[in-house]
Amino acid sequence: MTSLLLLAHLARAADPVVIAWAAPAVPDEKLRAKAERRTGPARHLAWGDLALGPTPWTERDDASRVNLEKAIAATRERWDGFDIETTLARELAEAAGPVEVVRDDADRAVLVQASVLAGAAALRAAAPAGWAVDPSVAPFRVMLGDRAFPAALVQAVALEPERAFVRADVPDGATLASLEQIRAHLATLPASSLRIAALPAGVSVVLDGRTLAGNGPHPLLPGRHFLHVLKDGVVHARQVFSAEPGLAVSFAPWVGSADIESMRVAVVDSSTPKVEGPLAVALRARSASAPIFVAAVDPSGKPAVRAWENGAAFKRPPLLNGLFTTTIGTSSIASLGFVGHEGEKVTTDAYAGSIDFSGALAWFGVYGGASLHITPDQLSQFSTGGGTQENLSLLAQPYAGGAIYLPRPARGNVFAMVGAHVGWLAPGARGTGVRAGLGIPLGRTGNWLRADWDRFDGVQQADFPGAGEATTVQSVRVGFSSVIR
């Protein structure tokens, strides 16, 4: 429960859309991008992010550690005081109570010092002969089988099961003798153990400040134990539990692998999957208000994405889309209008470039612009006013028309277009044309790699060379399109 409360506390109201994948880990960038085409930019989560509530080391934990060290120092200063043994034992127990995480050897050493001092104080609080039954030390006793021992000393042994305490570790000989008796007596009792359920990859389990290898079973001595999981250096799923002789203890993630598999089946098989139990709680805690989608990879390898909670709804591409396109390439021009070839149709190659604008309402749109064809091997005659003429190695082609887009040119989508237009091939041809284009998205930036094929069929106009004869242009160009809305 502590994990869930802290998890909820960490939820961020300003989170982007959340996509929770029913998988051990978040899938690759390609699948994430496909999912985001329907949801918009998202924060992606998987089992590794949901299984264990993050409960990081906080200032409160720092304060608990400092307070325990202060209590140890105060106990040593007052050790020889008169009739304060139970007070010292109680104060040390109260100072140790808030400790929830043992990260390493140093944290464990502080707890062991406190436990040894508290146990020594409890032993001194009553006569040795009647200590096991004296009511004044009842709060500090624990029964192991048929024997009574100071609970704090049992705790010290539980935290350091392989340690052989020496006289320098304890305040007096009676404490050392009691520690040895506890160790010997524990060897006669049924063993306890810890078993760990399957966990996501990339996490490690820390018990009493030591990293565990494997799922166990790991032997435990009776007493209070401290367990947490480390993921990316952050403390997750902290737990404090007590072990008893002969009883096995298990640790499992809040969201298990079976929960993730159930969600995967539900996402793949249903357009409105039910997400319940711990998984639903974990998802809500990770996103206080942002829309939440659940996703899985279906048997064909494609992402199945479902809207789940917090107003999650799929994004629809905007009905109105505007594009600015620039392309360059080559063209082939056949015309009777070239200078020096009167009455003779000449076919020549040219360098071509185009700039145009287009607007699409859903799948239908208009486009217009101009192309420029540079003809290194041929000249065309342009009027410059006042009856003068100038020969240039170029042809200008303004045009405007309509197109069908399949699908519409929305961010991140491949689109194709087929269009028809009317135009002018300056200096002397007027006619119609057709165009086919393909846009390949460059991520979700609103930019596309563009490829166009274009054909123009015109007729040379009166007062121009080859009047009444056909002029044709075919172009192949590549370039870029960008959103302008």
Side-chain angles (χ1 to χ4, degrees), residues 58-186 208-209 221-226 240 242-243:
T58 65
E59 292 181 0
R60 178 170 170 264
D61 295 304
D62 278 323
S64 297
R65 165 76 179 263
V66 170
N67 289 339
L68 184 56
E69 291 175 331
K70 288 180 178 179
I72 292 171
T75 296
R76 286 173 174 161
E77 289 178 1
R78 300 159 59 198
W79 186 254
D80 294 325
F82 179 73
D83 199 22
I84 61 169
E85 290 83 358
T86 56
T87 298
L88 296 177
R90 184 176 62 255
E91 289 177 353
L92 285 166
E94 291 173 351
V99 174
E100 295 181 342
V101 179
V102 178
R103 298 167 296 178
D104 48 29
D105 294 346
D107 284 351
R108 186 176 63 254
V110 174
L111 274 175
V112 171
Q113 291 175 37
S115 297
V116 169
L117 283 174
L123 278 176
R124 294 178 61 183
W131 192 91
V133 295
D134 191 319
S136 66
V137 293
F140 310 110
R141 283 196 303 260
V142 65
M143 298 300 297
L144 294 179
D146 58 355
R147 298 279 301 278
F149 294 102
L153 294 185
V154 173
Q155 177 65 36
V157 175
L159 292 174
E160 296 279 10
E162 299 176 357
R163 179 175 176 179
F165 289 90
V166 298
R167 181 64 181 82
D169 299 325
V170 297
D172 50 45
T175 302
L176 182 61
S178 183
L179 285 168
E180 293 173 347
Q181 292 168 9
I182 291 170
R183 189 183 304 281
H185 187 67
L186 288 176
D208 299 335
L221 291 182
R224 194 167 180 241
H225 294 276
F226 303 82
V240 180
S242 294

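On a predicted model such as this, the values are computed, not experimentally measured, just so you know.
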>> Which heavy atom of Ile72 sits nearest to which heavy atom of Ala114, and what is that distance?
In response: CD1-N, 3.8 Å
>> Nearest 0.5 Å, please: how far is CZ in Arg124 from CH2 in Trp79?
In response: 5.0 Å
>> Please check: side-chain N/O of Asp104 versus main-chain N/O of Asp107, any donor-acceptor pairing under 3.5 Å?
In response: yes
>> Quick one, Arg141 with Asp134, criterion salt bridge (charged side-chain N to carboxylate O under 4.0 Å, His left out). Give me CA distance, side-chain angles, the key distance, then yes/no.
In response: CA-CA 10 Å; Arg141 283 196 303 260; Asp134 191 319; 5.8 Å; no
>> On a heavy-atom basis, which atom in Ala89 and which in Phe140 lie closest, and how many Å separate them?
In response: CB-CE2, 3.7 Å
> Going through the distances and angles, do Glu160 and Gln155 end up as a side-chain contact (heavy atoms from CB on, under 4.5 Å)?
Replying inline: CA-CA 9 Å; Glu160 296 279 10; Gln155 177 65 36; over 6 Å; no
> Taking everything shown except Arg167 itself, do over 12 heavy atoms lie less than 6.0 Å from its CZ?
Replying inline: yes
> Can you name the one residue among Val154, Val166, Val157 that meets side-chain contact (heavy atoms from CB on, under 4.5 Å) with Leu179?
Replying inline: Val157
>> Let's go through Asp172 and Thr175 carefully: what are the C-alpha distance in whole Å and the side-chain angles of both, what is the deciding distance for side-chain hydrogen bond (donor to acceptor under 3.5 Å, both in side chains) to 0.1 Å, and is it a yes or a no?
In response: CA-CA 6 Å; Asp172 50 45; Thr175 302; 2.6 Å; yes
> What is the minimum heavy-atom distance between Ser136 and Ala125, and which atoms define it?
Replying inline: OG-O, 4.3 Å
>> Go through it in stages, so that I can follow the logic: the residues are Arg183 and Glu162, the test is salt bridge (charged side-chain N to carboxylate O under 4.0 Å, His left out), and I'd like the CA-CA distance, side-chain angles, deciding distance and then a yes or no.
In response: CA-CA 9 Å; Arg183 189 183 304 281; Glu162 299 176 357; over 6 Å; no
> Could Arg65 and Asp62 be called an ion pair, given the rule that one side-chain N must be under 4.0 Å from one carboxylate O?
Replying inline: no
> Atom CG in Leu186, atom CZ in Arg147: separation rounded to 0.5 Å?
Replying inline: 10.5 Å
> Taking all atoms of both residues into account, what is the closest heavy-atom pair of Ala152 and Gly119, and its distance?
Replying inline: CB-N, 3.4 Å
> Taking only residues two or more places apart in sequence, or in another chain, which ones meet Asp208 in a side-chain hydrogen bond (donor to acceptor under 3.5 Å, both in side chains)?
Replying inline: His225
> Closest approach of Pro98 and Ser64, non-hydrogen atoms and distance?
Replying inline: CB-OG, 3.6 Å
> Going from CZ on Arg103 to CG on Asp61, what distance comes out if it is rounded to the nearest 0.5 angstrom?
Replying inline: 8.0 Å
> Okay, side chain of Arg224, backbone of Gly97: is any donor-acceptor separation there less than 3.5 Å?
Replying inline: yes
> How many angstroms lie between CZ in Arg108 and CZ in Phe226, if you round to the nearest 0.5 Å?
Replying inline: 11.5 Å
>> Could you measure the distance from the CD atom of Glu180 to the CG atom of Leu176? Nearest 0.5 Å is fine.
In response: 4.5 Å
>> Restricting to non-hydrogen atoms, name the atom on Leu144 and the atom on His185 that form the minimum distance, rounded to 0.1 Å.
In response: O-NE2, 2.8 Å
>> Between Val137 and Glu85, is the side-chain contact (heavy atoms from CB on, under 4.5 Å) condition met? List the steps.
In response: CA-CA 10 Å; Val137 293; Glu85 290 83 358; over 6 Å; no
>> Test side-chain contact (heavy atoms from CB on, under 4.5 Å) on Glu69 and Gln113; report intermediate values, then the result.
In response: CA-CA 9 Å; Glu69 291 175 331; Gln113 291 175 37; over 6 Å; no
>> Tell me if a side-chain donor or acceptor on Ser115 pairs with a main-chain N or O of Leu111 at a distance below 3.5 Å.
In response: yes
> Residues two or more places apart in sequence or in another chain: which of them pass side chain to side chain contact (heavy atoms under 4.5 Å, CB included) with Pro150?
Replying inline: Leu123, Trp131, Leu153, Ser178
>> Nearest 0.5 Å, please: how far is CG in Leu92 from CG in Leu68?
In response: 7.5 Å
